[in-house]
Amino acid sequence: MVTIREAREALKLYFGYEQFRPMQEKIISDLLQKKDVVVLMPTGGGKSVCYQVPAVVQPGICVVISPLIALMKDQVEALLANGIPAAYINSSQNADQQYQIENQCLEGKLKLLYVSPEKLLSSGFLSFLSRVKVSLFAVDEAHCISSWGHDFRPEYTQLKALKQQFPDIPVVALTATADRLTQKDIQEQLYLQDPEVFVASFDRPNINLMVKPGRDRFNKITEFISNRPKQPGIIYCLSRKGTESMAKKLKQNGFNATFYHAGLSAPLRAKAQEAFLKDDVQIVCATVAFGMGIDKSNVRWVIHYNLPKNIEGYYQEIGRAGRDGAKADALLFYSFADVMNMRNMLQENETDKKQTELQLVKLERMQQFAEAAACRRRILLQYFGETMQKDCGNCDICRNPPTTFDGTQLVQKALSAIARTQERANMGLLVDVLRGARNSQVIQSGFDKIKTYGAGRDVNTLDWHRYLHQMLNSGLVEMAYDQGYTLKLTEQSREVLFDGKQVKLVKFEEVKQAEEAAAAKPRPKRELIKDALFERLRALRKRLADEMGVPPYVVFTDNTLQEMAAERPTNRISMLAISGVGAQKYDRFGDTFITAIIDFINEEQAKGTKMKGATHLATFELLQQGKTIEQISKERSLNPVTIYSHLATLYEQGYHVNVSKYVTKPEYQAIAIAIAKHGTEAKLKDLYEALGEQYEYYKIRLAVSIYKKQNSWA
Ligand code: ADP
Ligand code: ZN
C-alpha cells in the first residue's frame with residue numbers, strides 16, 4: 001500500500017506544496033486504505049487535492065464525476081501544467097475524440113479522467129470502465145444528489161451504480177454544501193460503506209469582511225477599485241439593468257468593466273465569463289446569476305452594491321473571492337432604503353404567506369449582520385451553526401472596534417419625539433422633527449408645534465438615522481412595516497423614558513474615519529516594491545497563459561506570485577521552495593520567472609533602491625562572459641566598489657570566483673592580521689585605518705570574505 005509519506009512527497013513534487021492542510025491528510029490516508037469518504041469543505045478549502053494526490057500515487061486511474069462540463073477543461077489543464085496526465089470525456093467531444101481518450105485509459109496512460117454523470121451512465125461506459133484499472137471514484141459537487149438541495153440533478157441519483165458494479169473501489173464524495181440532510185442523502189444514495197465524514201470549518205479567514213453605509217456608493221466603489229488596480233473583482237447588483245448601468249459608468253470613469261446577467265444570450269454570457277477568467281476584463285458587474293460554474297481562483301474582491309436577500313446568498317457570493325487562499329476583500333453596502341425596497345418587493349410578490357414570512361426573517365438576519373457592532377465573522381459562522389472561540393481580526397469591526405458612549409439623552413429625545421408625534425412619524429419625518437426642519441410635511445402634520453421639535457439639532461441627519469437603527473436593533477423602538485414604516489414605542493422605550501434606564505450607543509462616524517485613515521496611510525517602500533514586482537510577474541503570467549490558451553491561475557496562483565514577489569527567488573533551490581512551484585512547473589516556467597525577478601532587482605538597484613537579491617548573480621553572469629570589473633561596473637551603472645562586494649558575496653556563497661586576481665597572497669596575509677584583531681564584523685573603515693590606509697577598500701572587503709571562509713590560500 002502507498003504510504004502517506006509518499007503522498008506528501010507527491011504533493012511537493014507535483015503541486016509544490018510543503019504540507020497537507022489538516023483534513024486533507026486524514027482524508028487521503030483513509031482513501032489510500034480503500035475506505036469510502038464524504039468531504040464537506042468550503043469552496044477554496046482544497047478538495048481537489050484530496051483525490052488528485054491519491055490518483056497520482058496509486059496504480060490505475062481516478063475517475064472524477066463532475067456535472068460542470070464547462071470547468072473540466074480548466075481542471076485538466078491545471079493538472080497537465082503540474083505534470084499529471086489527465087483528460088476529460090463529455091458531450092462536447094465527437095466520437096473519435098472520445099474513443100482516443102478511452103484508449104489512453106486502457107493503455108494506462110492517464111491518472112485522472114473527468115466525466116459527466118450523463119456520460120458515466122450512458123450505455124456501455126460502465127462496462128468499459130470494468131476493463132480499466134480504476135483506483136478511485138471521486139464524486140464532485142455531491143450535493144447534486146439531494147432533492148433537498150438547490151442544485152438537484154436527477155442523473156446523480158443513478159450514481160449508486162458505482163458501488164453496485166465496483167464494490168471494492170473506494171468512493172470519495174465532495175461538496176461545499178454542509179447541511180445535514182444533504183450529507184445523509186449523499187451517504188445513502190451512493191451506497192457508501194460506513195464512510196468517514198469530514199466536515200471542515202466553513203470559515204474563509206482570508207476574506208476581509210467590510211460593511212459601509214450606502215451613501216455615495218459609486219464614489220466609494222471607484223475609490224475602492226482605484227486602490228486595487230488590476231485586481232479582478234465582482235460587483236453584485238440587484239437588477240439586470242443595474243449591472244449594465246454600473247458597467248457603463250465604470251467604463252466612463254476609465255475602468256475595465258463588463259456586465260453579466262441571465263437575460264444575456266449564451267454567447268454573450270460566455271464571452272463575459274471568458275474575458276474575466278483570462279484577466280482580460282478586471283470587473284464584472286453581475287446579478288447573482290454570475291459565479292456558479294466559474295472556477296476563477298484569483299477573484300480578489302466582491303462588492304455587494306445592494307444588500308443581499310439573505311446570509312446564505314451573501315456567503316456564497318463572497319466565497320467566490322480568494323479561492324486561492326490569498327488575501328481578498330468583501331465589501332457590502334448597506335442602506336436602510338435597500339431593506340425597505342426589498343421588503344416591499346417581497347410583500348408585493350407574495351404568493352405563499354409562509355414563504356414570504358420566512359424570507360422576511362432571513363432579510364432581517366442579513367440586516368442585523370450589516371448593522372452589527374461585533375465581529376462579523378462570528379455572526380456569519382454562528383448563523384451556519386459554527387461557534388468561533390475568538391474574534392477574527394479580519395473584519396472592519398475587529399480592526400476598528402466601535403467605541404460606545406452614554407446615549408441615554410439622545411435616545412430619550414428620540415423616544416419623546418415618537419411619543420409626541422403619536423407614533424405617526426416614519427424615520428425620515430422623525431429626524432426632520434428632531435432636527436427642526438421646516439418642510440411641508442413637518443408643518444402640515446403640525447409637528448413643528450411639539451415640544452421636542454428641534455431638540456436634536458446638534459446631531460446631523462445621517463447620524464440620527466444610524467442611532468435610530470441601533471435603537472431598532474436593540475429593541476428600543478419598533479417599526480410598523482404595515483403602517484407606512486412608522487416608529488412605535490416598546491416596553492424597553494418606556495424603561496428609558498420613565499425608569500431612567502441608561503443606554504449605550506455606538507459611535508459610527510469615528511469608526512469610519514479610523515478605517516479611512518488606516519487605508520490612506522502610505523504603504524512602506526518595501527511593500528510598494530513587492531507590489532511592483534507582483535505586477536511584473538502577473539503580466540508575465542498573463543502572457544504565458546495566453547500563449548498556452550489557459551486561465552492565468554493555471555500557470556501560478558496569486559498566492560504563489562505573492563510569495564515570489566516577497567522572497568525574490570533567483571535560483572533553482574529558492575524557487576522550488578516557493579509554495580505552488582512543483583517540479584513540472586519549475587521546468588516549464590522556473591527560468592522565465594527567475595529571469596524576470598533578476599531583471600527587476602537590477603532595475604531597482606540601478607534606480608538606487610537598496611535591496612537584497614540577485615544583484616550579485618547578475619554580476620556573476622557578466623564575469624562568466626569574461627568581462628572585467630570596469631566593464632561590468634559601466635554596463636550595470638554601479639560603482640566598482642559595489643561590484644567588488646558582489647564578488648565577495650559570490651565567493652562567500654561558494655560561487656567559483658578567482659579572488660586571487662584582485663588581492664594577492666601577501667596582501668591577504670597582511671590584511672588578515674588586522675581582521676584577526678578587529679573581527680570580521682568590523683567596519684571596513686576601521687580596518688582601513690588600522691592598516692595605515694595602505695590597502696584599498698575593495699581588497700579589504702575581499703580579504704574579509706576569504707578570512708570568513710577560512711579557506712587555506714590557494
Ligand atoms: P476547492 O475545490 O475546495 O474549492 P481547491 O482544491 O481548488 O479548493 O483548492 C483551493 C486552493 O488551495 C488552490 O489554489 C489549491 O491549489 C490550494 N491548495 C490546496 N491544498 C493545498 C495545500 N495543502 N497547501 C497549499 N495550498 C493548497
Ligand atoms: Zn472580526
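For ligands, and for the atoms within them, numbers begin at 1 and follow the listed sequence.
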Note to self: Here's a test for you: under side-chain hydrogen bond (donor to acceptor under 3.5 Å, both in side chains), which of N208, D391, D396 qualifies with R376?
What the structure shows: D396
Does any N/O atom on [X] come nearer than 3.5 Å to any N/O atom on ligand 1?
X    : value
G44  : yes
R21  : yes
S48  : yes
V49  : no
R323 : yes

So which heavy atom in the protein is nearest [atom], and how far is it from that ligand atom?
atom                    : result
atom 8 (O) of ligand 1  : G46 N, 3.1 Å
atom 16 (O) of ligand 1 : Y17 OH, 2.5 Å
atom 20 (N) of ligand 1 : Q24 NE2, 3.0 Å

Checklist line | Distance filter under 4.0 Å to T43 heavy atoms, resulting ligand 1 atoms | finding: 4 (O)
Check: Which atoms of ligand 1 have any heavy atom of F20 under 4.0 Å away?
Finding: 23 (N)
Heavy-atom contact check, 4.0 Å cutoff: does [X] meet ligand 1?
X    : value
S297 : no
M41  : no
P42  : yes
Q19  : yes

Next item on the list: Return the orientation label for the F336 and H469 ring planes: parallel under 30°, perpendicular over 60°, tilted otherwise.
Entry: tilted
Item checked: Aromatic ring pairing Y17/F15, orientation class (parallel under 30°, perpendicular over 60°, tilted between) -> parallel
Check: Does a side chain donor of either E6 or T3 reach within less than 3.5 Å of an acceptor in the other side chain?
Finding: yes
Notebook entry, point to check: Are Q584 and Y14 close enough that a side-chain donor and a side-chain acceptor fall under 3.5 Å?
Noted result: no
Margin query: Name the residue from Y315, F333, Y236 that meets the ring pair (Phe, Tyr, Trp, His ring centres under 6.0 Å) definition with H304.
Written below: Y236
Margin query: Does any part of the side chain of L540, heavy atoms only, come nearer than 4.5 Å to the side chain of F589, both counted from C-beta?
Written below: no
Margin query: Taking the side chain as everything from C-beta on, heavy atoms only, tell me whether K362 gets closer than 4.5 Å to R365.
Written below: no
Notebook entry, point to check: Does the separation of the ring centres of Y114 and Y88 fall below 6.0 angstrom?
Noted result: no
Next item on the list: Kindly state whether the ring of F137 and the ring of Y51 have centres lying under 6.0 angstrom apart.
Entry: no
Margin query: Test of geometry: compute the angle SG(C375)-the Zn ion (ligand 2)-SG(C395) and round it to 10°.
Written below: 120°
